Protein chains: 2
Amino acid sequence: MLLSKSCVYGLRASLFLATRDNGEYVPIRKMSDKLEISFHFLTKILQQLTAEGIMESFKGPNGGIRLNRNGAEVPLMDIVLAIDGSQLLTECALGLPGCGTKNPCPLHDKWAETRDGIREMLEETTLTELAEKGMEENLRLTTDGGFDILFNDHEDEPK
Amino acid sequence: MLLSKSCVYGLRASLFLATRDNGEYVPIRKMSDKLEISFHFLTKILQQLTAEGIMESFKGPNGGIRLNRNGAEVPLMDIVLAIDGSQLLTECALGLPGCGTKNPCPLHDKWAETRDGIREMLEETTLTELAEKGMEENLRLTTDGGFDILFNDHEDEPK
DNA sequence: ATATTTTAAGACAAAAGAGTCTCAATAACC
DNA sequence: GGTTATTGAGACTCTTTTGTCTTAAAATAT
Ligand code: SF4
Ligand code: SF4
């Protein structure tokens, strides 16, 4: 797999948060419910992201998590680096240690090119970009739920 | 990681075999020694590849493994598909099931493009191509050994 | 035939990744 | 102050991947 499960969950939650443009904190429980991710697992992942300064947390009622963008847009790369580290972008396709152009493996040229494609994609795509697109076209963020599920808050209430 | 450890080992061994253009069988023990891979682990991996018809095996003295190329060149993709399956090329970047253009996730367009880059690389690169390049330039196939180590057979013998 | 060299098959163990649970800390509300 | 809603931290379990070991089967050579 390209990205670890943790990383994918981190990205999904980040996209959720990117739909809230104000400073509103979203409780992890709400995100885990909407995104169908284990609450405790998501908590650990978001703790990593707040530790990295990508998000901010606040305890107690009306608390939760929000993006800590200081006006700047967040590229997907930030999330990936925070959770999966830089392996994907630095490691050898053949698993050899201390990769580099000095002592390359036979795959190096081709792999370096492919890897740059991945890097560019992650660097040039931002959370808000995807979140806006997702809201406009009601794209999928879960097995069968589009972005709209992030907003209709009381679908489980009794009528 | 892009490719599993098994897959990477399979590729390394495949490159080894691609340096033997005749029908010579190479014992797994020799490959595992030269490539610094656990013998038993490599055995299991090569069993998968022979089961898929990518390689041929022969038991007993002078036995071993050889590529089963019927004149055709083997793209890296064949090895990857045999060991890791098609996940990498078919699965969603956001881990959503039943991916497709009908009900896409917000990353789809960008990811599909990146994924095509990976696919092309694996499809258009062949074992013999890499093996020839590796031999010409003595590129790295192990932590600190180039392709030359695949040929000097008696380096461990007493003098 | 017997011993040797090799792959085949599968049980087993160790390590890493994914997921669950419990308890503590902090903040708000009454 | 006490209760409730929330994150924080860490132990713990389950699953998958990775790696090891043992035994069997096939081919060869003597
Ligand atoms: S030369 Fe390139 S492909 Fe080879 S090990 Fe180094 S980084 Fe990887
Ligand atoms: S639409 Fe594309 S990126 Fe999204 S889940 Fe499907 S294949 Fe993956």
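Below, read A as the first sequence line, B as the second, and so on, with proteins coming before strands; counting in each chain starts at 1. These figures come from a predicted structure and were not determined experimentally.
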- Query: Just to confirm, is there a sub-4.0 Å distance from OP1 or OP2 of C:dG19 to any side-chain nitrogen or oxygen of A:Ser38?
  - Reply: no
- Query: Taking OP1 and OP2 of C:dA8, is either one under 4.0 Å from a side-chain nitrogen or oxygen of B:Ser57?
  - Reply: yes
- Query: How does protein reach along nucleotides 24-30 of chain C, written 5' to 3' as B (base within reach of a heavy atom under 4.0 Å), S (only sugar-phosphate), or - (no contact)?
  - Reply: --BBS--
The side chain of [X] is closest to which nucleotide in this list: [options]?
X: B:Pro27; options: D:dT20, C:dT7, C:dA18; value: C:dT7
X: A:Tyr9; options: D:dG8, D:dT18, C:dG19; value: C:dG19
X: A:Phe41; options: D:dG8, D:dT18, C:dT20; value: C:dT20

- Query: Do A:Leu3 and B:Leu94 come close enough that some side-chain heavy atom pair is under 4.5 Å?
  - Reply: no
- Can B:Lys30 and B:Asp33 be counted as an ion pair, charged N to O under 4.0 angstrom? no
- Ionic contact status for A:Arg115 with A:Glu91, cut-off 4.0 Å: no
Could you state the [atom1]-[atom2] distance from [X] to [N], rounded to the nearest angstrom?
X: A:Leu42; N: D:dG8; atom1: CG; atom2: C1'; result: 14 Å
X: A:Lys30; N: D:dT6; atom1: NZ; atom2: C1'; result: 14 Å
X: B:Gln47; N: D:dA24; atom1: CD; atom2: P; result: 16 Å
X: A:Ile37; N: C:dA18; atom1: CD1; atom2: P; result: 13 Å
X: B:Ile65; N: D:dA26; atom1: CD1; atom2: P; result: 16 Å
X: A:Asn68; N: D:dT7; atom1: CG; atom2: C1'; result: 16 Å
X: B:Asp84; N: D:dT16; atom1: CG; atom2: P; result: 16 Å
X: B:Glu56; N: C:dA8; atom1: CD; atom2: C1'; result: 16 Å

- By nearest nucleotide on DNA chain C, pick out whichever of A:Ser4 and B:Arg29 is the more 5' one. B:Arg29
- Query: Only one of B:Arg12, B:Glu36, B:Lys34 forms a side-chain hydrogen bond (donor to acceptor under 3.5 Å, both in side chains) with B:Thr142, so which one is it?
  - Reply: B:Glu36
- Task: Assign the ring pair A:Phe41 / A:Tyr9 to parallel, tilted or perpendicular, where the plane angle (0 to 90°) is split at 30° and 60°.
- Result: perpendicular
- Message: Applying a 4.0 Å non-hydrogen cut-off, can you work out what A:Ile28 is touching in the nucleic acid: base, sugar-phosphate, or nothing?
- Response: sugar-phosphate
- Look up atom CD1 in B:Ile79 and atom CD1 in B:Ile54, then write down how far apart they are to the nearest 0.5 Å. 4.5 Å
- Item | Distance in Å, A:Cys92 SG paired with A:Leu107 CG, rounded so as to fall on 0.5 Å steps | 7.5 Å
- Base of C:dG10 paired with side chain of B:Lys44 (donor-acceptor, under 3.5 Å): no
